[in-house]
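Report on one structure; see the data block that follows.
Computed from a predicted model, the values in this text were never measured in an experiment.
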Amino acid sequence: MVVESFLKGKRDETTNEDGLCLTPWFAAVIDGATPKTGFRPDGKTPGRIAMELVSEAIRLLPYDADAYTAIDAITAHIACFCEQHGWWENIRLHPEHRLTASAAIFSRFRQEIWLVGDCQCLIDGQIHCCKKTADRILADTRALILELELLDGKTLDELRQHDPGREFILPALRRQTMLQNRLDSPQAYAVFDGTPVLRDRIAILPTGMATHIVLASDGYPQLRPTLAESENYLQKILEEDPLCFRKFKSTKGMLPGNCSFDDRAYLSLRLG
């Protein structure tokens, strides 16, 4: 049973790359990757398209699909879409253009949560997530650049208007996409992007006798058992550290005119 659900774009809902998917047998939070370029196929960001495709594929899954069957089916759905649009050559030459999404998927039949990428979940209050080493390194690098800019005389308001830390790490963020689902790198990470998902980088979490689970995107710096608690903590961060480089280190901050540093999705379910 759904207890709470919430979806909010960092700027507006038309550009929101996070999504929710609910069927009789599956519940999911899906997080399309933030664009690193101006590539907009069909007038949408690659992350938005990826989110929509993952949601479509989940709705087509057989009720008793196991994690690997489901992940393979979602991957094939994205790959088929890319093939139909003739995008594979572009993606091969420009990995940053991949249709990329993460997801936290609950299977009612299997009584499991599957984490692919950097979404997160709570199982009776216990947090689970799959964070990328590269993101932590680049968030620290961005924070260092911003601290140096402050020492050089810049103000926090000036840095929000023009973020030299984000600008500095952006080439690495684009190149980081080469690590998606790579078998030959210790820094590789799993995502949905139409290529075979790294099975040893996903999390399959039995819910067992749990009575309450929460699925969420990484738009929440600290996931809490209720939406109000999660939102309150987020707002505290945004008030005290809108650039997201001290209390909460991120690869991006809250831009002027935006309501947060990232899109966010939250889904709370009562089990049993």
Determine which pairs satisfy ring-ring contact (aromatic ring centres under 6.0 Å, His included) with at least one residue from residues 225-272, sequence neighbours left out, and list them in order.
-> Tyr220-Tyr266, Phe248-Phe261

Scan residues 101-136 for pairs that pass ring-ring contact (aromatic ring centres under 6.0 Å, His included), counting only residues two or more places apart or in two chains.
->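 Listed once each, the pairs are Tyr63-Phe109.
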
How long is the span from the [atom1] atom in [X] to the [atom2] atom in [Y], to the nearest 0.5 Å?
| X | Y | atom1 | atom2 | result |
| --- | --- | --- | --- | --- |
| Met178 | Arg98 | CE | CZ | 9.5 Å |
| Arg92 | Asn90 | CZ | CG | 10.5 Å |
| Arg201 | Asn181 | CZ | CG | 10.0 Å |
| Leu243 | Glu147 | CG | CD | 10.0 Å |

Does the distance from a Lys or Arg side-chain N to an Asp or Glu carboxylate O, for [X] and [Y], drop under 4.0 Å?
| X | Y | value |
| --- | --- | --- |
| Glu229 | Arg224 | no |
| Lys247 | Glu240 | yes |
| Asp64 | Arg110 | no |
| Glu231 | Arg264 | yes |
| Lys236 | Glu239 | no |
| Lys132 | Asp118 | yes |
| Asp241 | Arg246 | no |

Check salt bridge (Lys or Arg N to Asp or Glu O under 4.0 Å) between Glu96 and all other residues, then give those that pass, not counting sequence neighbours.
-> none

Taking it one step at a time, do Thr195 and Asp193 satisfy side chain to side chain donor-acceptor pair (under 3.5 Å)?
-> CA-CA 6 Å; Thr195 66; Asp193 68 357; 2.5 Å; yes

Sequence neighbours excluded and cut-off under 3.5 Å, please list the side-chain donor-acceptor pairs for residues 69-83, or say none.
{"from": "Thr69", "atom 1": "OG1", "to": "Asp66", "atom 2": "OD1", "distance (Å)": "2.7"}
{"from": "Asp72", "atom 1": "OD2", "to": "Arg199", "atom 2": "NH2", "distance (Å)": "2.8"}
{"from": "Thr75", "atom 1": "OG1", "to": "Ile71", "atom 2": "O", "distance (Å)": "2.9"}
{"from": "His77", "atom 1": "NE2", "to": "Glu56", "atom 2": "OE1", "distance (Å)": "2.9"}

Taking only residues two or more places apart in sequence or in another chain, which ones pass ring-ring contact (aromatic ring centres under 6.0 Å, His included) with Phe168?
-> none

Linking Ile, Leu, Val, Met, Phe, Trp and Tyr through side-chain heavy atoms less than 4.5 Å apart, which residues share a cluster with Phe39?
-> none

Report yes or no: do [X] and [Y] form a side-chain donor-acceptor pair below 3.5 Å?
| X | Y | value |
| --- | --- | --- |
| Thr14 | Asp12 | yes |
| Asp124 | His212 | no |
| Asn16 | Glu13 | yes |
| Ser260 | Asp262 | no |
| Ser217 | Asp18 | yes |
| Thr177 | Gln180 | no |

Would you say Arg270 has more than 12 foreign heavy atoms packed within less than 6.0 Å of its CZ?
->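 Enclosed: over 12 neighbouring heavy atoms sit under 6.0 Å from CZ of Arg270.
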
Between the main-chain N or O of Ile123 and the side-chain N or O of Gln126, is there a donor-acceptor pair closer than 3.5 Å?
->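 Such a contact is absent between Gln126 side chain and Ile123 backbone.
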
